[in-house]
A.B. asks: 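Input: one structure, supplied below.
By convention here, the first residue in the shown sequence is residue 1. FYI, side chains are in, hydrogens and waters are out, and symmetry mates aren't considered; it's all heavy atoms of this structure.
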Amino acid sequence: MTERSVAAARLAASWLLGYPDQGLLDRLDGISAVVDELPERMGSPLRAFLDHLSDSPITEVQTHYVLVFDMKRKACPYLSYWTDGDTRNRGAAILRFKQAYLDCGYDLGPEELPDHLAVVLEFAAVGDRLTGEALLAEHQEAIHLLREALDRMDSSYVHVLDCVVATLPEVTTEIRRRMSEIAAAGPPAETVGLEPFGVALTLDPIGGRR
């Protein structure tokens, strides 16, 4: 896999993890063309998801998206949630994502929190590759747990996560051990002291992607 193909796969996955609105539908031809050029390991799962999109009513896909990502925390796309839950620590984690972007001159808007997997993938693809790689590696356990959750839910979005996982290093024994620990403990449940969330939502839009 070349750096260019990895970046292209991550950007395509980022768009496909956004809410399936008309904006996404308008971009599907371009995304499809990019996917056709990807190595099989990354392109095949994205092609499976694109085929699902073309064969499904958009309202059905939208309902599924909301049900999976907005209504069920078992498939939470916000990476810091898996380790910090709704706690003060998560507020600090979100600010770390935001600051990492700003340090690279990448200004995130108010439409999405900076720890959303789609945002991190976009940053790694077109922002700063090395910093993006570091953020993805740091949260590799959460990404794999999200992929497993989508698989258990029989969600078509598991194909998108299969592509994302294909861009990451191989899972080590240590990563699997940490995944088991996180899955067994579940996210922390504290719900107070989350003022930093407001700060993370005050930036200018990033080209209206979502």
Side-chain angles (χ1 to χ4, degrees), residues 1-21 23-54 65 69 77-80 82 93-94 96-109 111-147 150 156-172 175 203-210:
M1 296 186 295
T2 66
E3 288 183 8
R4 182 175 181 179
S5 65
V6 168
R10 287 173 173 170
L11 188 58
S14 170
W15 282 107
L16 294 175
L17 285 173
Y19 181 74
D21 57 11
L24 176 60
L25 295 181
D26 292 342
R27 296 183 177 95
L28 286 183
D29 286 345
I31 295 174
S32 181
V34 170
V35 169
D36 287 343
E37 299 297 322
L38 292 176
E40 182 72 12
R41 184 181 177 189
M42 297 181 291
S44 180
L46 290 185
R47 174 54 56 195
F49 182 76
L50 288 171
D51 289 345
H52 169 75
L53 278 185
S54 66
Y65 184 95
F69 292 118
Y78 298 96
L79 298 182
S80 66
W82 291 90
I94 287 175
R96 285 183 57 238
F97 276 93
K98 171 190 167 183
Q99 191 59 52
Y101 299 155
L102 289 175
D103 288 345
C104 297
Y106 198 73
D107 204 357
L108 181 64
E111 298 181 7
E112 191 59 81
L113 288 175
D115 64 333
H116 194 292
L117 177 56
V119 175
V120 185
L121 289 169
E122 182 180 280
F123 174 72
V126 300
D128 184 89
R129 182 183 64 83
L130 290 179
T131 302
E133 289 279 7
L135 290 172
L136 290 169
E138 182 181 352
H139 296 86
Q140 191 168 353
E141 295 94 341
I143 294 171
H144 283 280
L145 287 171
L146 173 57
R147 189 261 167 215
L150 292 170
S156 58
Y157 280 93
V158 72
H159 298 305
V160 184
L161 266 292
D162 282 338
C163 171
V164 174
V165 168
T167 71
L168 301 175
E170 292 294 327
V171 179
T172 64
I175 290 174
L203 300 173
D204 294 330
I206 226 183
R209 180 166 59 84
R210 272 178 300 282

A.B. asks: Mind checking salt bridge (Lys or Arg N to Asp or Glu O under 4.0 Å) for D162 and listing every partner two or more places apart, or none if nothing turns up?
C.D. replies: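 Only R147 meet the salt bridge (Lys or Arg N to Asp or Glu O under 4.0 Å) criterion with D162.
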A.B. asks: Taking side-chain contact (heavy atoms from CB on, under 4.5 Å) as the definition, give me every residue that meets it alongside D36, ordered by chain and number, with sequence neighbours left out.
C.D. replies: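 Counting only residues at least two positions away or on another chain, D36 forms a side-chain contact (heavy atoms from CB on, under 4.5 Å) with S32, R47.
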A.B. asks: Using side chain to side chain donor-acceptor pair (under 3.5 Å) as the criterion, list what pairs up with T2, not counting sequence neighbours.
C.D. replies: S5
A.B. asks: Nearest 0.5 Å, please: how far is NE2 in H159 from CG in L46?
C.D. replies: 10.0 Å
A.B. asks: Which atom pair, heavy atoms only, marks the closest approach of Y65 to G18?
C.D. replies: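 Heavy atoms of Y65 and G18 come nearest at CE1-O, 3.5 Å.
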A.B. asks: Looking at every heavy atom in both G43 and V35, which two are closest together, and how far apart are they?
C.D. replies: O-CG1, 3.5 Å
A.B. asks: Please name all residues satisfying side-chain contact (heavy atoms from CB on, under 4.5 Å) with R96, sequence neighbours left out, ordered by chain then number.
C.D. replies: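 With sequence neighbours excluded, R96 shows a side-chain contact (heavy atoms from CB on, under 4.5 Å) to E138, given in chain and number order.
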A.B. asks: side-chain contact (heavy atoms from CB on, under 4.5 Å) with A93: which residues, sequence neighbours excluded?
C.D. replies: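 For A93 the side-chain contact (heavy atoms from CB on, under 4.5 Å) partners, ignoring immediate neighbours, are S80, D84.
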A.B. asks: With rounding to the nearest 0.5 Å, note down the distance linking CZ in F49 to OG in S54.
C.D. replies: 10.5 Å
A.B. asks: Looking at CD1 of I94 and OH of Y78, how far apart are the two atoms once the value is rounded to the nearest 0.5 Å?
C.D. replies: 9.0 Å
A.B. asks: Got a sec, which residues hit side-chain contact (heavy atoms from CB on, under 4.5 Å) with V34, two or more places apart in sequence or on another chain?
C.D. replies: A8
A.B. asks: Show the nearest heavy-atom pair for residues C163 and M42, with the distance to one decimal.
C.D. replies: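 Result for this residue pair: SG-O, 3.5 Å.
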A.B. asks: Quick one: pull up CG in L121 and CG in L17 and give me the separation to the nearest 0.5 Å.
C.D. replies: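 Between atom CG of L121 and atom CG of L17 there are 6.5 Å.
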A.B. asks: Roughly how far, to the nearest 0.5 Å, is OG of S44 from CG of L38?
C.D. replies: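 Nearest 0.5 Å value for the CG-OG distance: 10.5 Å.
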A.B. asks: Specify the closest pair of heavy atoms between L24 and W15, including all atoms of both residues, with the distance to one decimal.
C.D. replies: CD1-O, 3.7 Å
A.B. asks: Once side chain to side chain donor-acceptor pair (under 3.5 Å) is applied, do any residues pair with D29, and if so which ones, sequence neighbours excluded?
C.D. replies: none
A.B. asks: Heavy atoms, side chains only, cut-off 4.5 Å: are Y106 and V126 in contact?
C.D. replies: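 Yes, their side chains come closer than 4.5 Å.
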A.B. asks: With E3, which residues qualify under salt bridge (Lys or Arg N to Asp or Glu O under 4.0 Å), at least two apart?
C.D. replies: R129
A.B. asks: Run the side chain to side chain donor-acceptor pair (under 3.5 Å) test against E37 and tell me which residues pass, sequence neighbours left out.
C.D. replies: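 Applying side chain to side chain donor-acceptor pair (under 3.5 Å) to E37 gives none.
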A.B. asks: State which residues pass ring pair (Phe, Tyr, Trp, His ring centres under 6.0 Å) with H139; sequence neighbours excluded, sorted by chain then number.
C.D. replies: F97
A.B. asks: For residues F123 and C104, determine if any side-chain heavy atom of one lies less than 4.5 Å from a side-chain heavy atom of the other.
C.D. replies: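 Yes - at least one pair of side-chain heavy atoms lies under 4.5 Å apart.
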A.B. asks: Quick check: do L28 and L16 have side-chain heavy atoms less than 4.5 Å from each other?
C.D. replies: yes
A.B. asks: Would you give the length of the straight line joining atom CG of L135 to atom CG of L117, rounded to the nearest 0.5 angstrom?
C.D. replies: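 So the CG of L135 and the CG of L117 are separated by 11.5 Å.
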A.B. asks: Closest approach of A12 and I31, non-hydrogen atoms and distance?
C.D. replies: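 So the two residues come closest at CB-CG2, 4.2 Å.
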A.B. asks: Less than 4.5 Å apart, any side-chain heavy atom of L136 and any of R10?
C.D. replies: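 In short, these two side chains touch, coming nearer than 4.5 Å.
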A.B. asks: Taking side chain to side chain donor-acceptor pair (under 3.5 Å) as the test, write out the residues that go with Y157, two or more places apart.
C.D. replies: none
A.B. asks: Looking only at heavy atoms, which two atoms of E40 and P45 are closest? And how far apart?
C.D. replies: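 For E40 versus P45, the nearest heavy atoms are O-CD, 3.9 Å.
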A.B. asks: Would you indicate whether the side-chain heavy atoms of F69 and L150 approach each other to under 4.5 Å?
C.D. replies: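 Touching, per the 4.5 Å side-chain cut-off.
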A.B. asks: Flag the pair D115 / V119 as yes when at least one side-chain heavy-atom distance between them is below 4.5 Å, and no otherwise.
C.D. replies: no
